[in-house]
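Here the structure is a predicted model, which is why all the values come from computation and not from measurement. Only this structure's heavy atoms are used, side chains among them; waters, hydrogens and symmetry mates stay out. Proteins get letters first, then strands, A, B, ... in listed order; numbering begins at 1 in each.
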Amino acid sequence: MDKPTKDNTENKASLNFLEQIIENDLKTDKHQGKVLTRFPPEPNGYLHIGHAKSICLNFGLAQKYNGKTNLRFDDTNPTKESTEYVDAIKEDVKWLGFQWEEPVMYASDYFEKLYEFAVYLIKKGKAFVCEMSAEEMSKGRGTPQTPGVLSPWRDRSVEENLELFEKMRKGEFKEGAKVLRAKIDMTSPNMHMRDPVMYRIMHAHHHRTGDKWCIYPTYDWAHGQSDYIEGITHSICTLEFEVHRPLYEWFLDNLDITEDRPRQYEFARLNLSYTVMSKRKLLQLVEENHVNGWDDPRMPTVSGMRRRGYTPSAIRAFADRVGVAKRNNVIELSLLEYFIREELNKKASRVMTVLNPVKLIIDNYPDNKSEQLPVKVNPEDPESCYKMVAFSKELYIEREDFMEDPPKKYFRLSPGKEVRLKYAYIIRCDSVEKDDQGNITEIHCTYFPETKSGLPSDKKVKGTLHWVSISHAEEVEVRLYDRLFTEPQPENTEKDFKEFLNPDSLKVVTGYTEPVVIGVRPGKSFQFERLGYFVVDPDSTDEKMVFNRTVTLRDSWAKIEKNNQ
RNA sequence: UGACCGAUGGUGUAACGGUAGCACUGCAGAUUUUGGUUCUGCCUGUCCAGGUUCGAAUCCUGGUCGGUCAACCA
């Protein structure tokens, strides 16, 4: 942790483009040394790993340059937003480990101010009330290649506009009857400059302002002005807003804001392989029950990843490594997995759990005997304490750890071969018993007492297996999660992304494990030895513990097997 | 077909006119009572064509490819 890395000693040389901008602004004293960023979610869905990148970026930049970050809900569309999402978003940001400037901000806090700003523009002749229908307006706007046409209402007098706008606010018009538009340039090659809508009439109940308003500002109108009101210095958003920037600037210009102007910067959003990132598609997965809710451990949502067993620090390290740039990217899932393995390898207690059991009987071990073997809770942790693991004559091992007719390089158990039972003894397989279908029901072995763990012994074996003592084992439910899609980029093919849903993304099995895990609180992570990292799920009850597989261990044997095929 | 943005190994990201580096992945080996971890080594890259320059990933021109933009969504 403390050892200086190249990055730390030479960080000057590896600033991302936003850090360069900020350092330059600091040098030129552009904002009097101030850095104020903001994270501006719309409360209409849950946060996902892409948002996490943005959160780490905005809060991280502020931390690095002694600044602050606002959490601002962009709540300008009452029909889509709710407090359920507000609460979930706050929880996720906090969980990720970030502290916003109190109080939490809302664009809806600025509705009155925004209204005044709009009046200012109307008075300047820079905005007008338009009565075209949505369709007419859409047609009239033209296309990126062809210019739009002027609204017939564009040249109303200032007085008339003022009066109409006030009546809009008072609720004298039906929804959709009128809008307030900025008067810019219908021939601009930038569609966003073709007299964009600033206010629309919506007779809708807002989750915070209730029924006070029936006109609501659009994103473009609300966002930049909210930035200005809060004193945001660097307004960081994703690439698709690049074409909005001229409009962002136009509003500030025409409001005659010359001091303390915020500036918008755009970066490339995060994409992750084997998943989808659009809110719409994630919502679809939830609504069509392809997953069990927003916090399903297969979802790339922050709440899903939390339930999956990902930790805030692993997500932060990931966001940091992924970098910030302006080019489109797809990050390999293996990078995310790398960071959670790295963290859990150091922190997770080890426990032996058998997920696909086959009975192993040690014929020369006394019938009623059992031993308590001392085992280090985490060999990677020098401070780690010891626990006791029960050993007896009848055990479970994994079916995959035994083969009657093994291929070369198979280090596990097979007839006549010897392996070590981890923390216990070396055993030799003598015979197997099968049922009518030829399935192995029992594996009979001999153990060598002099090879007990900790005793000096010359006997060497290639393989070490995990196991549980049947009479001491506890049954738990284990949910084996895998990637949600079978396709690296499910959104980038001609087919519907749902065709690539992985049918094996969840398998539920019964596991046999050590009693030490029973009663542990949800959210606690373990390494099931030789299998992977697992976390206690909130579905756990006194009767049955539930574990989610966060990620498997790296498995070089699986690779060898695969390559042999 | 218009405007804007972008292009460095398989993936992501540095190098700011002077030795193309880092991480992940992959491969090979060492260590190992987890086929884990750790350690060592290796493979693979500047979209193309011109130009400027002693010198170009970097600057200029043209092309190619990719992305974004035509909600009263954000």
Over all strands shown, is [X] touching base, sugar-phosphate only, or nothing at heavy-atom distances under 4.0 angstrom?
X         : result
Tyr423(A) : base
Ala134(A) : base
Thr218(A) : sugar-phosphate
His192(A) : sugar-phosphate
Arg141(A) : sugar-phosphate
Ser133(A) : base

Taking atom types as they are modelled, would you say the side chain of Gln527(A) forms a donor-acceptor pair with the base of U34(B) within the 3.5 Å cutoff?
yes
Among residues at least two apart in sequence or on other chains, which ones pass side chain to side chain contact (heavy atoms under 4.5 Å, CB included) with Ile560(A)?
Trp557(A), Asn564(A)
Test side chain to side chain contact (heavy atoms under 4.5 Å, CB included) applied to Val324(A) - qualifying residues, sequence neighbours left out
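Val324(A) satisfies side chain to side chain contact (heavy atoms under 4.5 Å, CB included) with Asn16(A), Phe17(A), Leu18(A), Leu57(A), Phe267(A) only.
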Residues in salt bridge (charged side-chain N to carboxylate O under 4.0 Å, His left out) contact with Arg194(A), at least two apart in sequence or another chain:
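Checked Arg194(A) against salt bridge (charged side-chain N to carboxylate O under 4.0 Å, His left out); zero matches.
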Taking only residues two or more places apart in sequence, or in another chain, which ones meet Lys167(A) in a salt bridge (charged side-chain N to carboxylate O under 4.0 Å, His left out)?
Glu163(A)
Can you list the stems that include RNA chain B, where a stem is three or more consecutive Watson-Crick or G-U pairs with distances under 3.5 Å?
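Stem list for RNA chain B: B:2-7 with B:64-69, B:10-13 with B:21-24, B:26-30 with B:38-42, B:47-51 with B:59-63.
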Along nucleotides 3-9 of chain B, 5' to 3', which nucleotides get a B, which get an S, and which get a -, given that the test is a protein heavy-atom distance under 4.0 Å?
S-SSSB-
Aromatic contact between Phe73(A) and Tyr106(A), with the criterion being ring centroids under 6.0 Å apart: yes or no?
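So the answer is yes for these two rings.
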Under the ring-ring contact (aromatic ring centres under 6.0 Å, His included) test, residues paired with Tyr425(A) that sit two or more places apart
Phe391(A), Tyr447(A)
Test side-chain hydrogen bond (donor to acceptor under 3.5 Å, both in side chains) applied to Lys183(A) - qualifying residues, sequence neighbours left out:
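Counting only residues at least two positions away or on another chain, Lys183(A) forms no side-chain hydrogen bond (donor to acceptor under 3.5 Å, both in side chains).
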Thr28(A): what forms a side-chain hydrogen bond (donor to acceptor under 3.5 Å, both in side chains) with it, not counting sequence neighbours?
none
Selection: [range], any non-hydrogen atom under 4.0 Å of RNA chain B:
range                       : answer
residues 330-342 of chain A : Val330(A), Ile331(A), Glu332(A), Ser334(A), Leu335(A), Tyr338(A)
residues 551-563 of chain A : Leu553(A), Arg554(A), Asp555(A), Ser556(A), Trp557(A), Lys559(A), Ile560(A), Asn563(A)
residues 178-188 of chain A : Val179(A)

Ser14(A) side chain N/O closer than 4.0 Å to the phosphate oxygens (OP1, OP2) of C22(B)?
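No, outside the criterion.
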Whole angstrom value for the distance that separates P of G36(B) from NZ of Lys346(A):
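Rounding to the nearest Å, NZ of Lys346(A) and P of G36(B) are 18 Å apart.
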